[in-house]
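Taking it in order: structure first as structure tokens, then the write-up.
Chain letters run A, B, ... following the sequence lines, proteins first and then strands; every chain starts at 1. Quantities reported herein were computed from a predicted structural model and do not represent experimental measurements.
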Protein chains: 2
Amino acid sequence: MADLVYRKIMRDLKERIFNQEFNDKKLPDERSLSESYGVSRSSIKRALNVMAQQGIIFKKRGSGTFINPLYLKNQSLFNYEGTNLGVTDSFHLDGKRPGIKLIDYQVIPASKELQQDLFLEPDDFVYKIKRLRLLDDEPIIIETGYIPIKIMPGLTPSVVKGSIFNYLSEIEGKSVTKSFMSILAEPSNQQDQELLGLSDKEPVGIMEGIFFLDDGTPLEVSNMRVHYKYLKYNTFVSLDEE
Amino acid sequence: MADLVYRKIMRDLKERIFNQEFNDKKLPDERSLSESYGVSRSSIKRALNVMAQQGIIFKKRGSGTFINPLYLKNQSLFNYEGTNLGVTDSFHLDGKRPGIKLIDYQVIPASKELQQDLFLEPDDFVYKIKRLRLLDDEPIIIETGYIPIKIMPGLTPSVVKGSIFNYLSEIEGKSVTKSFMSILAEPSNQQDQELLGLSDKEPVGIMEGIFFLDDGTPLEVSNMRVHYKYLKYNTFVSLDEE
DNA sequence: GAGTGGTCTAGACCACTTC
DNA sequence: AAGTGGTCTAGACCACTCT
């Protein structure tokens, strides 16, 4: 995976950009890069395309390829890219210690809506998993997730106290790489206020969506009510399609 | 632009998917598609890659290419993709009539922070444009934007009452295709409550970020305080890099 | 006109899944 | 072993920018 030609070139170019090797903010043209790396122009293009999509560089037909000055000044922004899929993963920030408190865990019949979203039959069952996520013992997210039992028949309360996505990839070799998400905000309700320690004037952010396995199977419907101070969704949007 | 081979194929495949032509949720293999469309396999791959990135299909090495069932059931979701760049554009929803009320419009020296974000010199000036955006006369967004005068020397109050991005593309032939955005939420302040008609328990969503021209020039720093009922940011996230 | 990125082709070979 | 997607190459030709 990591030894693909175009990935090696990406890594190297990022490194060189970081080291200010191209001080006029302009990269060498594709044909030169192709020659100096000893690879085809297509592979160079592929590397550059991915980097352009990540916002690291801009390509301008007829004149060249340029470094996004923001990337130099604020590289940390670019680490949020593609953004938080797993939640445990995205909040390791600031050296704080993440924690999970299990609030509710049961197996229930899938509702109509869950049947739709997870592509289940009327007699299928799902785990309902409600957890409180903490950062240095401070509660920040109330997370309610629904996972079909037929996808994870071996799910146990002890697994649920950790990262389900990590369990999936380490133990079952399945990986979660795609999701639909909606992000919105609401006044906090009483439960939010109790569990997250909010006043009645403080809101929650809501991230709800569906997570998919890499083969397209919908894995989980998730609803996260986030302490508003911890809701920050960073994204780089490109309207090109490729 | 619209007559590229891989785009034609994308359009046609989407059409055929929509018409349920592939009722087993499986697309023909790439080599067959290549032959039946009379194009190279690379062009097929390109079309399929873009569609996979959009979440319309899933590719599974060794077994085939499959339609995301959510796309069939809920195609509307996929129209939000890449998501709101221009703001006027993204709120035409529901047949409501968008409006703009100009609150403040002046030219000021660029602050340190603006100099950083917009790559300006210490003696550069920016327009400060504060507008209230309406939907059917109901206020929904307080938008404060900063644009360097040297990029748009001809900006006038009358332009500012409409879509600046449309003006740019129609009159000056420049297009805005990329942005960094952060999305968060906060309790509303007094001005939010007055302008957006909120109670003190109702929050605002905040979308702040930088818009870029397609050549990489930063065009605008924008801060939008959104009535919480209208904040809904939909996104399809893929952790693959391409 | 020279330089640079964009699109497309044709084909070799690899990696994974399924039978 | 056959089928299917993934990576990579080499090269042709087009479209835009610069001067």
**Prompt:** Can you find a side-chain donor-acceptor pair between B/T177 and B/D214 that sits under 3.5 Å?
**Reply:** no

**Request:** State whether the distance check finds a donor on one side and an acceptor on the other, under 3.5 Å, for side chain A/R41 versus base C/dG5.
**Result:** yes

**Fill in**
Between CD of B/Q53 and P of D/dG6 the distance, given in whole Å, is 13 Å

**Item:** From D/dT7, C/dG5, D/dC8, nucleotide with atom closest to A/K59 side chain
**Value:** C/dG5

**Item:** Rounded distance (Å) that lies between atom P of D/dC8 and atom NZ of A/K8
**Value:** 9 Å

**Item:** Reference residue A/R131; test side-chain contact (heavy atoms from CB on, under 4.5 Å); the match among A/I141, A/T144, A/V160
**Value:** A/V160

**Message:** If you assign B/I44 and A/T65 each to the DNA chain C nucleotide with the nearest heavy atom, which residue ends up on the more 5' nucleotide?
**Reply:** A/T65

**Prompt:** Whole-Å distance between C/dT17 C1' and B/K26 NZ?
**Reply:** 10 Å

**Stepwise side chain to side chain contact (heavy atoms under 4.5 Å, CB included) test for A/I206 and A/V226** = CA-CA 6 Å; A/I206 299 176; A/V226 186; over 6 Å; no

**Request:** For A/E30 and D/dG11, give me the distance from atom CD to atom P, rounded to whole Å.
**Result:** 17 Å

**Request:** Give one of base, sugar-phosphate or nothing for B/S42, where a contact means two heavy atoms less than 4.0 Å apart.
**Result:** base

**Item:** Geometric class of the B/F211/B/F165 ring pair [parallel <30°, tilted 30-60°, perpendicular >60°]
**Value:** perpendicular

**Request:** For the residue pair B/S158 and B/T156, confirm or rule out a side-chain donor-acceptor distance under 3.5 Å.
**Result:** yes

**Asked** Short question: side chain of B/N19, backbone of B/E21 - any donor-acceptor pair under 3.5 Å?
**Response** no

**Asked** To the nearest 10 degrees, what angle separates the axes at the start and end of the helix from C/dG1-D/dC18 to C/dT18-D/dA1, five pairs each?
**Response** 10°

**Asked** Taking CZ from A/F58 and C1' from C/dT4, how many angstroms apart are they, rounded to a whole number?
**Response** 18 Å

**Message:** Please determine whether the number of non-hydrogen atoms from other residues, nucleotides or ligands lying under 6.0 Å from atom CD of A/Q106 exceeds 12.
**Reply:** yes

**Asked** Quick one: is A/S43 getting a side-chain N or O under 4.0 Å of the D/dT9 phosphate, OP1 or OP2?
**Response** yes

**Prompt:** Taking atom P of D/dC18 as reference, at what distance in whole Å does atom NZ of A/K60 sit?
**Reply:** 8 Å

**Message:** Between P on D/dT4 and CG on B/D29, what's the gap in Å once rounded to a whole number?
**Reply:** 4 Å

**Request:** Specify the residues of residues 31-40 of chain B, ordered by number, for which at least one heavy atom lies under 4.0 angstrom from an atom of DNA chain D.
**Result:** B/R31

**Prompt:** Rounded to the nearest 0.5 Å, how far does NZ of A/K14 lie from CE of A/M51?
**Reply:** 6.5 Å

**Request:** Kindly say whether, by distance alone, the side chain of B/R46 makes a donor-acceptor pair under 3.5 Å with the base of C/dG6?
**Result:** no

Cut-off 3.5 Å, no hydrogens considered: what does the side-chain donor-acceptor table look like for residues 114-126 of chain B, sequence neighbours left out?
residue: B/Q115; atom: NE2; partner: B/A110; partner atom: O; Å: 2.9
residue: B/D124; atom: OD2; partner: B/E121; partner atom: N; Å: 2.7
residue: B/D124; atom: OD2; partner: B/K150; partner atom: NZ; Å: 3.0

**Request:** Send over the distance from B/K45 NZ to C/dG11 C1', rounded to a whole Å.
**Result:** 14 Å

